[in-house]
Asks: 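Take this structure first; my questions come after.
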Amino acid sequence: MPVKKSAIKELRKSNRRAQRNRKVESDLTALIRKVNKAVTAKDWTKAADWLKQASKKIDKAAQNKVIKKNTAARKKSRLAKAVNAIAKKS
């Protein structure tokens, strides 16, 4: 445990940030899961809608440095590729 006053404050800040980041990451995971579920159900309209929301959330997370820029690009690319694959078949 920290002893100095500034170290105690930093620990509090670190815990708050970690909690906020966990929330963002779990929201991202849930949205990605919804997109994938719509893709497996071959429901293009729902998948496209969820993709739009997921892309926005992924961009926000990358902007706030919760996830890395390249990770965000990779996730968006894979989701878009999956959605476009069912769009062509529909």
Side-chain angles (χ1 to χ4, degrees):
M1 287 300 299
V3 177
K4 291 187 176 183
K5 192 175 180 181
S6 61
I8 293 168
K9 183 177 180 180
E10 279 301 317
L11 181 63
R12 280 198 316 265
K13 285 164 49 177
S14 176
N15 288 338
R16 251 181 279 148
R17 289 177 185 144
Q19 187 177 10
R20 194 178 307 131
N21 289 345
R22 273 194 305 272
K23 173 75 172 118
V24 170
E25 285 177 356
S26 69
D27 289 350
L28 270 179
T29 306
L31 277 172
I32 289 170
R33 200 177 299 122
K34 286 179 181 177
V35 174
N36 288 331
K37 192 173 182 181
V39 167
T40 54
K42 297 195 181 356
D43 187 356
W44 183 80
T45 54
K46 273 190 180 176
D49 182 44
W50 286 119
L51 174 66
K52 187 176 179 182
Q53 291 180 29
S55 293
K56 186 174 180 179
K57 195 80 166 174
I58 289 169
D59 285 337
K60 271 287 203 201
Q63 184 181 8
N64 295 329
K65 298 197 170 80
V66 175
I67 60 174
K68 292 183 178 180
K69 187 177 67 167
N70 287 345
T71 303
R74 184 181 68 243
K75 287 181 184 295
K76 283 174 55 177
S77 173
R78 288 178 181 173
L79 287 174
K81 189 176 178 182
V83 171
N84 287 337
I86 65 165
K88 288 180 182 176
K89 291 178 183 176
S90 299

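Keep in mind that what you see is a predicted model, and the values were worked out from it rather than measured.
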Asks: At what distance, to the nearest 0.5 angstrom, does NZ of Lys57 lie from OG of Ser55?
Replies: 13.0 Å
Asks: Drop me the distance from Asn36's CG to Leu31's CG, to the nearest 0.5 angstrom.
Replies: 11.0 Å
Asks: Answer yes or no: is there an ion pair linking Lys13 with Glu10, defined by an N-O contact shorter than 4.0 Å?
Replies: yes
Asks: Ala61 and Val24: which non-hydrogen atoms are nearest, and at how many Å?
Replies: CB-CG1, 3.9 Å
Asks: Apply the test side-chain contact (heavy atoms from CB on, under 4.5 Å) to residues Met1 and Leu11: give CA-CA distance (whole Å), side-chain angles for both, the deciding distance (0.1 Å), then the verdict.
Replies: CA-CA 9 Å; Met1 287 300 299; Leu11 181 63; 4.1 Å; yes
Asks: Mind checking what makes salt bridge (charged side-chain N to carboxylate O under 4.0 Å, His left out) contact with Asp43, not counting sequence neighbours?
Replies: none
Asks: Could I get the full list of side-chain hydrogen bond (donor to acceptor under 3.5 Å, both in side chains) partners for Lys5, not counting sequence neighbours?
Replies: none
Asks: Measure the shortest side-chain to side-chain distance between Leu28 and Val66 over non-hydrogen atoms and say whether it is less than 4.5 angstrom.
Replies: no
Asks: Could you check Lys76, Lys75, Lys52 and say which one makes a salt bridge (charged side-chain N to carboxylate O under 4.0 Å, His left out) with Asp59?
Replies: Lys76
Asks: What's the spacing between Gln19 CD and Arg22 CZ if we round to 0.5 Å?
Replies: 6.0 Å
Asks: Going by the rule side chain to side chain contact (heavy atoms under 4.5 Å, CB included), which residues pair with Arg78 if we only count those two or more places apart in sequence or in a different chain?
Replies: Arg74
Asks: My understanding is that only one of Val83, Asp49, Val39 makes a side chain to side chain contact (heavy atoms under 4.5 Å, CB included) with Trp44; could you say which?
Replies: Val83
Asks: Which heavy atom of Val35 sits nearest a heavy atom of Ala54, and at what distance?
Replies: CG2-CB, 4.2 Å
